[in-house]
Amino acid sequence: MPTVIVATGNPGKLKEMQVYLTPLGWELQLKPKDIEVDETGTTFLENARLKAREVAIATNQWSIADDSGLQIDALNGAPGLYSARYGQDDHDRINRVLRELKDVQDRSAQFVCALALARPDGSIALETEGICPGTILTEPQGSNGFGYDPIFYVPSQAKSFAEMDSQEKETHSHRGVAFAQIMNQLQNLTLE
Ligand code: ITT
């Protein structure tokens with residue numbers, strides 16, 4: 001069975017990535033903790049490529065990475081690339097966003113997910129980007145998921161990400177959209 005390293009240190013992300021990757025019949029291994037990749041890219045795709053490439057080279061295995069983030073219109077796209085660095089933990093990051101949007105009327109936002117799959121030599125075999133439009137709630141709603149899920153509301157479903165079950169989030173989320181775009185290619189890929 002081909003081995004693929006999932007290049008993330010975020011347990012919530014890992015859980016969702018496993019849902020998409022498990023049916024492919026690959027042996028999934030978690031990124032070794034000592035491999036830290038500096039996210040120095042200027043786009044989500046650049047950072048996804050960087051993470052996939054560096055982990056692939058360090059382990060000499062195929063590697064898949066996800067770089068994602070929340071872009072809020074009223075904050076000129078922040079936290080964006082800095083979504084993971086916007087506070088010390090999820091609670092802190094959510095509170096910062098709510099504070100910065102206090103009394104702001106236009107609460108439109110989008111979640112972006114870039115995926116990159118690298119070969120053992122670090123070359124990129126596949127990449128894509130998925131987007132989910134939504135709005136930022138005035139207070140957290142729901143308890144599922146991770147990260148900013150409790151404050152990200154999807155109008156078409158009338159639910160926050162944290163109120164969706166895993167199947168609903170899979171259908172509508174940025175990550176679900178991104179994986180759907182490359183699922184055929186992933187299924188037809190020969191990993192060698
Ligand atoms: P890795 O780089 O190790 O994968 P990370 O948490 O640092 O993990 P990112 O740099 O891609 O990941 O940062 C993404 C941030 O956006 C992070 O704070 C996540 O919790 C959050 N995020 C990403 N996808 C999300 C989702 O589906 N729901 C809620 N928050 C999400």
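Both counts, for ligands and for their atoms, begin at 1 and track the order of listing. Just so it is clear, the model here is predicted, and its values are computed rather than measured.
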Donor-acceptor pair, side chain of K159 and main chain of Y153, under 3.5 angstrom: no

ILVMFWY cluster, Y82 and V37 together (side-chain gap under 4.5 Å): no

For [atom], grab the closest protein heavy atom and report residue, atom and distance to one decimal in Å.
| atom | answer |
| --- | --- |
| atom 16 (O) of ligand 1 | S83 CB, 3.7 Å |
| atom 6 (O) of ligand 1 | N10 ND2, 2.9 Å |
| atom 24 (N) of ligand 1 | R175 NH2, 2.9 Å |
| atom 21 (C) of ligand 1 | Y148 CD1, 3.9 Å |
| atom 10 (O) of ligand 1 | E39 OE1, 3.1 Å |

Close approach of K169 to ligand 1, heavy atoms, under 4.0 angstrom: yes

By number and element, which atoms of ligand 1 are closer than 4.0 Å to a non-hydrogen atom of [X]?
| X | result |
| --- | --- |
| G9 | 1 (P), 3 (O) |
| F111 | 22 (N), 25 (C), 28 (N), 29 (C), 30 (N), 31 (C) |
| H174 | 24 (N), 25 (C), 26 (C), 27 (O) |
| G147 | 20 (O), 29 (C), 30 (N) |
| D67 | 9 (P), 10 (O), 11 (O) |
| T8 | 1 (P), 3 (O), 4 (O), 8 (O) |

Heavy-atom proximity to [atom], best of [options]:
| atom | options | answer |
| --- | --- | --- |
| atom 18 (O) of ligand 1 | G12, P11, C132, A84 | A84 |
| atom 2 (O) of ligand 1 | M17, K51, E36 | K51 |
| atom 14 (C) of ligand 1 | S68, A114, A65 | S68 |

Gap between atom CD of Q29 and atom CD of Q61 - 0.5 Å precision: 6.0 Å

CG-CG distance between L117 and L186, expressed to the nearest 0.5 angstrom: 6.5 Å

Exceeds 12 heavy-atom contacts within 6.0 angstrom, atom CD of Q88: no

Heavy atoms from other residues, nucleotides or ligands near CG of D38 exceed 12 (cutoff 6.0 Å): no

ILVMFWY cluster membership beyond Y148 - transitive side-chain contacts under 4.5 angstrom: L70, I72, L75, Y86, I94, V97, L98, L101, V104, F111, I136, I151, F152, V154, F161, M164

A114 versus A48, closest heavy-atom pair with distance: O-CB, 3.7 Å

For S160 against P150, the heavy-atom pair lying closest together: CB-O, 4.1 Å

Side chain, backbone, both or neither: K13 near ligand 1, heavy atoms under 4.0 Å: side chain

Short N or O distance, E16 and ligand 1, threshold 3.5 Å exclusive: no

N or O pair under 3.5 Å between D149 and ligand 1: yes

Test: D67 and R49 ion pair at under 4.0 Å: no

Modelled atom types, side-chain donor and acceptor of E46 and T42, under 3.5 Å: yes

